[in-house]
Structures are given as C-alpha cells and as structure tokens.
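Taking it in order: structure first as structure tokens, then the write-up.
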Amino acid sequence: MGLQEVRLEDVIPLRHEVLRPGRPIETCYFDGDDARDTRHFAWVEAGRVLSIATVMRQERELSGEHVILQLRGMATAKDVAGQGVGSSFLQALNEELGASWWCNARAVAVRFYERNGLTVVGEPFYIPGIGTHYVMYHKKTAGS
Ligand SMILES: CC(C)(COP(=O)(O)OP(=O)(O)OC[C@H]1O[C@@H](n2cnc3c(N)ncnc32)[C@H](O)[C@@H]1OP(=O)(O)O)[C@@H](O)C(=O)NCCC(=O)NCCS
C-alpha cells in the first residue's frame, strides 16, 4: 500500500495509457530510464499501480540553487484521476527524496503541482507533440 519503488517495466503501462495514448510503446521510454541513479516509483493500492513517477539525476540551476533531481513521467490512472491519489503520492515521494527537485510540468498540471508545494520558474516553453510546459521546482524544506 502507498509509495513503492518499482522497476521500469512497472511504470510503462501507465506511461503509455496516460502520457502517450495511441503512440508506439517505444515513445514511452525516456533517455536515462536505465541509468544507475534513476529510480521509478508507484503509488499502489490493493496491488494495483494507480500513479507513477520517475526520478532522474539531471542537474539544473534554479532560483540560485543547484538542484540535482528531476521528476519525470508522472501520471495517474484515468479512472482514479482527480481523487487525491497524485497528491498523496507526490507528498510521500517528496519525503522519500529529502532533497530539492524539479520537473517540466504540462500546463494542465501546473495547479496540481502548485498545490503540492512547487513553484513555476521562468517562462513557458513548447515540447513538440506534447504541448506547453513550465519548469517547476520543489525546494527542500525543513522536515522534507
Ligand atoms: C496530473 C496528475 C498526475 C495528477 O494526479 P491526480 O491523482 O489526478 O491528482 P489529484 O487528484 O491529487 O489532483 C488533481 C489535480 O490534477 C489536475 N489534473 C490534471 N490533469 C488531470 C486529469 N486528466 N484528470 C483529473 N485531474 C487532472 C486537476 O486540475 C486537479 O487539480 P485541481 O484540484 O487544482 O483542479 C494526473 O491527473 C494525470 O496523470 N494527468 C494526465 C497526465 C499529466 O498531465 N501528467 C503530468 C505531466 S507533467
């Protein structure tokens, strides 16, 4: 139950369904998925993966801080989206990481990330085939 560290193959089905629907399965694999520092996570309830995310080492200067970790490929199963699963998952994941991290957020997910403690840094940019994104940043706080 709850947060689990999982294998790459455990996150691929939801990446496909939610993030690359109708696209070839090859598009669901990211550069760095197999890197030694890369970690795949899931929120699991009753043996079912409800939400997924991957954390990679991808260093970046943000708001004067050297941030090492990037969150990628966050997705919640469509039939349970909007019920708080993603927020519970992200809070638990943030505690597990215990460090600052950043992500490229789709415009539709900006409010979701803001409610979970992230802030937008800089101007929006466009990823071909996927849409407008914002760089967002979660600063390590005392106790997180
Ligand atoms: C964004 C996402 C991971 C949030 O997970 P979740 O379990 O739905 O999260 P919660 O229930 O805690 O919060 C829902 C929030 O996500 C937003 N959201 C984004 N896409 C959504 C979707 N397809 N369905 C429902 N809510 C969605 C809602 O606006 C809602 O924010 P609000 O309460 O401020 O209106 C999930 O909705 C999702 O997989 N969306 C599609 C893929 C995506 O955009 N991933 C992020 C890539 S950066």
Side-chain angles (χ1 to χ4, degrees), residues 1-35 37-63 65 67-141 143-144:
M1 281 296 261
L3 180 74
Q4 287 186 16
E5 188 156 357
V6 297
R7 297 162 301 176
L8 171 60
E9 64 219 63
D10 298 318
V11 303
I12 295 299
L14 269 193
R15 276 193 194 168
H16 199 201
E17 268 173 58
V18 181
L19 298 173
R20 303 285 188 273
R23 309 260 296 271
I25 194 80
E26 301 80 60
T27 64
C28 299
Y29 291 87
F30 306 152
D31 283 348
D33 263 341
D34 285 328
D37 296 329
T38 295
R39 302 171 74 190
H40 305 284
F41 293 96
W43 185 263
V44 182
E45 287 182 20
R48 182 178 168 212
V49 171
L50 299 186
S51 193
I52 54 159
T54 292
V55 178
M56 294 187 181
R57 194 179 172 98
Q58 188 67 252
E59 301 180 27
R60 191 161 184 151
E61 290 294 319
L62 291 170
S63 304
E65 185 184 346
V67 184
I68 292 173
L69 301 176
Q70 180 185 11
L71 180 94
R72 295 188 68 184
M74 169 132 200
T76 296
K78 284 201 175 86
D79 63 314
V80 298
Q83 297 175 16
V85 168
S87 297
S88 302
F89 178 36
L90 211 53
Q91 296 301 327
L93 184 51
N94 183 54
E95 278 184 34
E96 167 71 20
L97 296 177
S100 295
W101 52 273
W102 67 277
C103 67
N104 288 326
R106 295 178 179 202
V108 290
V110 166
R111 239 165 45 121
F112 162 75
Y113 286 121
E114 282 177 344
R115 279 197 292 106
N116 283 289
L118 286 90
T119 46
V120 170
V121 184
E123 296 302 314
F125 62 99
Y126 190 74
I127 300 184
I130 305 182
T132 303
H133 281 69
Y134 295 77
V135 175
M136 295 190 76
Y137 163 56
H138 194 293
K139 191 172 174 52
K140 178 177 163 38
T141 48
S144 79

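Heads up: numbering here begins at 1 and tracks the sequence. Keep in mind that what you see is a predicted model, and the values were worked out from it rather than measured. Numbering of ligands and ligand atoms starts at 1, following listing order.
None of Trp102, Trp101, Tyr113 except one satisfies the side-chain contact (heavy atoms from CB on, under 4.5 Å) rule with Met136; the exception is Tyr113.
Distance check for atom 15 (C) of ligand 1: a protein heavy atom is found below 4.0 Å. Distance remark: protein heavy atom present below 4.0 angstrom from atom 46 (C) of ligand 1. Distance remark: protein heavy atom not present below 4.0 angstrom from atom 40 (N) of ligand 1.
Proximity of Tyr113 to ligand 1, defined as any heavy-atom pair under 4.0 Å, is confined to the side chain (atoms from C-beta onward). Counting heavy atoms closer than 4.0 Å to ligand 1, residue Asn104 contributes backbone atoms (N, CA, C, O) but none from C-beta onward. Contacts between Val18 and ligand 1 below 4.0 angstrom, taking non-hydrogen atoms only, involve the side chain exclusively. Residue contacts with ligand 1, taken as heavy atom pairs separated by less than 4.0 Å, involve Gln83 solely via the backbone atoms N, CA, C and O.
Nearest protein heavy-atom neighbour of atom 44 (O) of ligand 1: Arg106 CD, 3.4 Å. Here the protein heavy atom with the shortest distance to atom 6 (P) of ligand 1 is Thr76 OG1, 3.5 Å. Here the protein heavy atom with the shortest distance to atom 11 (O) of ligand 1 is Gly84 N, 2.6 Å. Protein heavy atom nearest atom 9 (O) of ligand 1, with residue, atom name and distance: Phe112 CE1, 3.3 Å. Counting only heavy atoms of the protein, atom 31 (O) of ligand 1 lies nearest to Arg115 NH2, 3.1 Å. Summary of contacts: the protein heavy atom closest to atom 23 (N) of ligand 1 is Ala81 CB, 4.7 Å. Of the protein's non-hydrogen atoms, the one nearest atom 7 (O) of ligand 1 is Gly86 N, 2.7 Å. Protein heavy atom at the shortest distance from atom 18 (N) of ligand 1 is Val108 O, 4.2 Å.
In the vicinity of Met74, heavy-atom distances shorter than 4.0 Å reach the ligand 1 atoms 3 (C), 45 (N), 46 (C), 47 (C). Taking a cut-off of under 4.0 Å to the non-hydrogen atoms of Ser87, the atoms of ligand 1 that pass are 10 (P), 12 (O). Atoms of ligand 1 found under 4.0 Å from any heavy atom of Ala75 (numbered from 1 in listed order, with element): 39 (O).
Between Val55 and Thr38 there is no side-chain heavy-atom pair separated by less than 4.5 Å.
Once rounded to the nearest 0.5 Å, the distance linking CD of Gln91 with CD of Glu96 reads 14.0 Å. His138 contributes atom NE2, which lies 8.5 Å from atom OG of Ser100 (distance to the nearest 0.5 angstrom). Annotation: the span from Arg39 atom CZ to Asp37 atom CG amounts to 10.0 Å, rounded to 0.5 Å.
The 12-atom threshold is exceeded at CD of Glu61, counting heavy atoms of other residues, nucleotides or ligands nearer than 6.0 Å.
Ligand 1 has no atom lying under 4.0 Å from any heavy atom of Ser51.
Between Glu65 and Lys140 there is no salt bridge, since no side-chain N of the basic residue sits under 4.0 Å from a carboxylate O of the acidic one. With salt bridges taken as basic N to acidic carboxylate O contacts below 4.0 Å, one links Asp33 and Arg15. A salt bridge is absent between Arg72 and Asp31: the closest approach of a Lys/Arg side-chain nitrogen to an acidic carboxylate oxygen does not fall below 4.0 angstrom.
Pairing each heavy atom of Lys78 with each of Val18, the nearest pair is NZ-CA, 4.3 Å.
With hydrogens and angles left out, the side-chain atoms of Thr119 and Glu114 include no donor and acceptor closer than 3.5 Å.
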message: Show, in sequence, the C-alpha distance, side-chain angles and deciding distance for Tyr137 and Leu118, and conclude whether the side chain to side chain contact (heavy atoms under 4.5 Å, CB included) test is met.
response: CA-CA 5 Å; Tyr137 163 56; Leu118 286 90; 5.8 Å; no
